[in-house]
K.L.:
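The structure follows.
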Amino acid sequence: MRVLGIDPGSSATGYGVVDGERGEFLLVECGVVRPGRTGSFAERLLQIHEGVLAVIDRHEPECLAIEGVFYRENARTAVILSHARGVALLAGALRGLPVLEYAPAEIKKSVVGTGRAGKDQVGYMVQKLLGLSAAPSPADASDGCAVALCHLLTGTGPLAAARTSS
């Protein structure tokens, strides 16, 4: 199963395309979609949307997994982040992909073993699970991989299906 994991952000939207089957994982591609610093907020959202569409078209994932809504102390930050999530969700929907959302704590717990893991811990476990010589960089790309791995390890991913059928 090929999964596109998205860690949404308005200045850097991290993504990871991961193939997973029977507990073995292969990183296909990861990176960040970085909109330009100039232009309106709407134009930057368009760039994120187009960047996610380009990844989908390049790798043809079977589904899109995305980090869900979470509480921020700054309401303005939460609203801006929600816009970035929205354009990524729209990209998946436009390409007919099933879109699954995972809470940040659920992603950390599935990859690291604790929902309170830090970015370094997530990066280290992504590195180990994908058999890489170093954690994906920047951290946004590593987080995108973690979202894809979360789907493959839990929820409706193939390992979850194997656990429920046995």
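Everything quoted here is computed from the prediction, not taken from an experiment. Values below: all heavy atoms of this structure, side chains included; hydrogens, waters and symmetry mates excluded.
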K.L.:
Is Ile6 linked to Ile56 within one hydrophobic cluster, defined over Ile, Leu, Val, Met, Phe, Trp and Tyr using a side-chain heavy-atom separation of less than 4.5 Å?
P.N.:
yes

K.L.:
What is the distance from atom CG of Leu152 to atom CG of Leu129, rounded to the nearest 0.5 Å?
P.N.:
10.5 Å

K.L.:
Mind checking who shares a hydrophobic cluster with Leu53, ILVMFWY linked at side-chain heavy-atom distances under 4.5 Å?
P.N.:
none

K.L.:
In chain order, what residues pass the side chain to side chain contact (heavy atoms under 4.5 Å, CB included) check against Leu130, with sequence neighbours excluded?
P.N.:
Val18, Phe25, Leu27, Val126, Leu132, Cys145, Leu149

K.L.:
Quick test of your reading of the model: are Arg58 and Glu29 salt-bridged, counting only N-O distances below 4.0 Å?
P.N.:
yes

K.L.:
Taking all atoms of both residues into account, what is the closest heavy-atom pair of Gly68 and Pro104, and its distance?
P.N.:
O-CD, 4.2 Å

K.L.:
Could you check if a side-chain atom of Leu64 sits within less than 4.5 angstrom of a side-chain atom of Pro98, using non-hydrogen atoms only?
P.N.:
no

K.L.:
Please enumerate all residues that pass side chain to side chain contact (heavy atoms under 4.5 Å, CB included) together with Ser40, with sequence neighbours excluded.
P.N.:
Ala42, Glu43

K.L.:
Heavy-atom distance under 4.5 Å between the side chains of Leu97 and Glu62, does that happen here?
P.N.:
no

K.L.:
Could you walk me through whether Asp143 and Val122 pass the side chain to side chain contact (heavy atoms under 4.5 Å, CB included) check?
P.N.:
CA-CA 7 Å; Asp143 290 347; Val122 171; 3.9 Å; yes

K.L.:
Quick one, Val112 and Tyr124 - any side-chain contact, counting heavy atoms below 4.5 Å?
P.N.:
no

K.L.:
So do Arg76 and Ile80 actually touch side chain to side chain, heavy atoms under 4.5 Å?
P.N.:
yes

K.L.:
Taking only residues two or more places apart in sequence, or in another chain, which ones meet Leu90 in a side chain to side chain contact (heavy atoms under 4.5 Å, CB included)?
P.N.:
His49, Leu94

K.L.:
Starting at CZ of Arg85, measure out to OG of Ser10 and round the result to the nearest 0.5 Å.
P.N.:
13.5 Å

K.L.:
Does Arg44 have any side chain to side chain contact (heavy atoms under 4.5 Å, CB included) partners at least two apart in sequence or in another chain, and if so, which?
P.N.:
Pro35, Phe41

K.L.:
Do any N or O atoms from the side chain of Ser110 and from the backbone of Ile107 form a donor-acceptor pair under 3.5 angstrom?
P.N.:
yes

K.L.:
Let me confirm one number: the CG-CD distance from Asp7 to Glu67, rounded to the nearest 0.5 Å.
P.N.:
5.0 Å

K.L.:
Rounded to the nearest 0.5 Å, how far does OG of Ser11 lie from CG of Leu81?
P.N.:
10.0 Å

K.L.:
Answer whether the closest heavy-atom distance between the side chains of Val33 and Tyr15 falls below 4.5 Å.
P.N.:
yes

K.L.:
Are any side-chain N or O atoms of Glu21 and backbone N or O atoms of Met1, one a donor and one an acceptor, separated by less than 3.5 Å?
P.N.:
no

K.L.:
To the closest 0.5 Å, what do you measure between OG (Ser142) and NZ (Lys119)?
P.N.:
8.0 Å

K.L.:
Are Leu4 and Val99 connected, step by step, through hydrophobic side chains (Ile, Leu, Val, Met, Phe, Trp, Tyr) whose heavy atoms are closer than 4.5 Å?
P.N.:
yes

K.L.:
With a 4.5 Å limit on heavy-atom distance, are the side chains of Val3 and Val17 in contact?
P.N.:
no

K.L.:
Work out which heavy atom in Val111 is nearest to a heavy atom in Cys150; give both atom names and the distance.
P.N.:
CG2-N, 4.3 Å

K.L.:
Between Gln47 (side chain) and Gly36 (backbone), is there a donor-acceptor pair under 3.5 Å?
P.N.:
yes

K.L.:
If you take all heavy atoms of Ala12 and Asp140, which pair is closest and at what distance?
P.N.:
CB-OD2, 3.6 Å

K.L.:
Would you compute the distance between atom CZ of Arg34 and atom OG1 of Thr13 and round it to the nearest 0.5 angstrom?
P.N.:
10.0 Å

K.L.:
Specify the closest pair of heavy atoms between Gly123 and Ala135, including all atoms of both residues, with the distance to one decimal.
P.N.:
O-CB, 3.3 Å

K.L.:
With sequence neighbours excluded, what pairs up with His59 under the ring-ring contact (aromatic ring centres under 6.0 Å, His included) test?
P.N.:
none

K.L.:
Looking at every heavy atom in both Ile66 and Ala88, which two are closest together, and how far apart are they?
P.N.:
CD1-CB, 3.9 Å

K.L.:
Under a single-linkage definition using a 4.5 Å side-chain heavy-atom cutoff for Ile, Leu, Val, Met, Phe, Trp and Tyr, are Leu153 and Met125 assigned to the same hydrophobic cluster?
P.N.:
yes

